[in-house]
Amino acid sequence: VTQNQATINPATATIVANKVYDGTTNLTSSQVTITGVTVNGQTENLSYTGNASLNDANVANSSNYLMTNSITLANGSSANAGVASNYVLPSNAYDAVSNSASIGKVTVTLSAAKTYDGTTTLSGSQVTIGGLVGTQTLTYTGATANDAHVGTASKYINAITLADGTNGGVASNYQLPTLDNSHAAVTINAATVTPTITNTSVTKQYDGNTSSSITPTYSYSGLISGDTITLNNTGIAYNDPNVLVANKVTVSGLSISAV
């Protein structure tokens, strides 16, 4: 006996989309996987025509899905090709089983540069955040270097929190790289110190030359609070050997011998 009114209803295809954040909802064919039922241990694959896109461009949306009203199912390829007419698209809404999408975070690049100030704090334009999408920018909080000193090798940013910026820059769409010297290097440049001689009432008896035997003492502009330095010099001399002309002493060839 044959039942001439028997029908086979199409199965619902399963869509999974994966991409790294790029600021758009656009999807390429390599970012979309459409599968069907499993026949004899092999899961059928399907393709699509049209312009695939997501409902949202941002990582933080945990219910992203492919907009099924923008595509049409097409036959699959390879040995496990499914026939499009045996399937229907899932609904145009998020479904954890049949229509879901994942957007991965973009890893930023980091670097920092500052003039020595005795601290590990990094702020403002001292930190450069790169690798962002388009013209987007990000800001940051809580940035520090692992060391405060110029002479320490392989310094790096050891703490930083990304924050929203401008032109659509949303921190949750990005992630930090490994915080080490290879991925978040820090350069600290030497601070400029200007010494001024503080010796007073410098005198000597006329001896026909400009030499001076004083031990110079200094005040400093630009010296970081709490730091001390020792200066060497290559010469100390009056500006003139004569009694009526000599009125100042110059210390020359200054160099820092200890900090």
Side-chain angles (χ1 to χ4, degrees), residues 18-24 31 56-62 102-198 216-234 251-259:
N18 290 281
K19 67 180 288 188
V20 174
Y21 173 74
D22 63 3
T24 76
Q31 295 168 337
D56 192 280
N58 296 298
V59 174
N61 187 342
S62 61
S102 174
I103 302 176
K105 295 184 177 186
V106 175
T107 301
V108 301
T109 62
L110 293 175
S111 63
K114 65 182 284 189
T115 298
Y116 171 74
D117 63 3
T119 77
T120 59
T121 301
L122 298 168
S123 61
S125 61
Q126 293 172 344
V127 174
T128 299
I129 303 173
L132 306 177
V133 172
T135 60
Q136 292 183 2
T137 69
L138 293 178
T139 57
Y140 67 92
T141 59
T144 58
N146 68 311
D147 192 274
H149 301 290
V150 174
T152 303
S154 301
K155 293 181 290 294
Y156 60 91
I157 299 170
N158 66 348
I160 187 172
T161 300
L162 298 177
D164 293 350
T166 61
N167 301 327
V170 177
S172 58
N173 289 326
Y174 296 90
Q175 64 185 358
L176 295 172
T178 301
L179 295 181
D180 59 20
N181 180 255
S182 296
H183 302 92
V186 173
T187 299
I188 299 180
N189 300 306
T192 299
V193 174
T194 303
T196 301
I197 298 175
T198 57
T217 57
Y218 307 94
S219 63
Y220 300 96
S221 171
L223 184 65
I224 301 301
S225 177
D227 286 355
T228 60
I229 62 174
T230 302
L231 298 181
N232 285 338
N233 66 79
T234 59
V251 181
S252 58
L254 290 174
S255 62
I256 298 174
S257 62
V259 177

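Heads up: numbering here begins at 1 and tracks the sequence. These numbers were taken from a predicted model, which means no experiment stands behind them. Heavy atoms only: backbone and side chains are in, while hydrogens, waters and symmetry mates are out.
- With sequence neighbours excluded, the residues forming a salt bridge (Lys or Arg N to Asp or Glu O under 4.0 Å) with D117 are K114, listed by chain and number.
- Contact detail for G222 and V193: the closest heavy-atom pair is O-CG2, 4.0 Å.
- Side chain to side chain, T166 and T137 meet the donor-acceptor criterion of an N or O pair below 3.5 Å.
- Side-chain contact between T217 and I197 is absent, with no heavy-atom pair separated by less than 4.5 Å.
- One finds the OG atom of S255 at 4.5 Å from the CG atom of N232 (value rounded to the nearest 0.5 Å).
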_Quick one, Y220 with L231, criterion side-chain contact (heavy atoms from CB on, under 4.5 Å). Give me CA distance, side-chain angles, the key distance, then yes/no._
CA-CA 11 Å; Y220 300 96; L231 298 181; 3.8 Å; yes

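- The side chain to side chain contact (heavy atoms under 4.5 Å, CB included) search around D227 returns Y116, L223, I224, not counting sequence neighbours.
- For the atom pair CG of L122 and OG1 of T144, the computed distance is 6.5 Å after rounding to the nearest 0.5 Å.
- The minimum heavy-atom distance linking N158 with N146 is given by the pair ND2-CA, 3.5 Å.
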*Take I103 and N58, measure what side-chain contact (heavy atoms from CB on, under 4.5 Å) needs, and give me the verdict at the end.*
CA-CA 7 Å; I103 302 176; N58 296 298; 5.9 Å; no

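- Of all heavy-atom pairs between V20 and K105, the closest is CG1-O, 4.1 Å.
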*Applying side-chain contact (heavy atoms from CB on, under 4.5 Å), run through S172 and V59 and close with a yes or a no.*
CA-CA 7 Å; S172 58; V59 174; 5.6 Å; no

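- Between the CG atom of N181 and the CD1 atom of I157 there is a distance of 10.5 Å, given to the nearest 0.5 Å.
- T107 places no side-chain N or O within 3.5 Å of a backbone atom of P177 that could act as its donor or acceptor partner.
- For Y174, the ring pair (Phe, Tyr, Trp, His ring centres under 6.0 Å) test picks out Y21, with sequence neighbours left out.
- Partners of D164 by salt bridge (Lys or Arg N to Asp or Glu O under 4.0 Å), not counting sequence neighbours: none found.
- Residues that satisfy the side chain to side chain contact (heavy atoms under 4.5 Å, CB included) test with T187, not counting sequence neighbours, are A113, N189.
- Rounded to the nearest 0.5 angstrom, L138 CG and L132 CG are separated by 5.0 Å.
- Here the closest non-hydrogen pair linking S219 and T198 is N-CG2, 3.3 Å.
- Heavy atoms only, all atoms of each residue included: S154 and Y156 are closest at O-CD2, 3.5 Å.
- With hydrogens and angles disregarded, a donor-acceptor distance shorter than 3.5 Å links the side chain of D22 to the backbone of T24.
- Scanning all heavy atoms of the two residues, the minimum distance from H183 to T178 falls at CB-O, 3.1 Å.
- Looking only at side-chain heavy atoms (C-beta outward), L110 and L179 come within less than 4.5 Å of each other.
- Among residues two or more places apart in sequence or in another chain, the side chain to side chain contact (heavy atoms under 4.5 Å, CB included) test is passed with T152 by D147, H149, K155.
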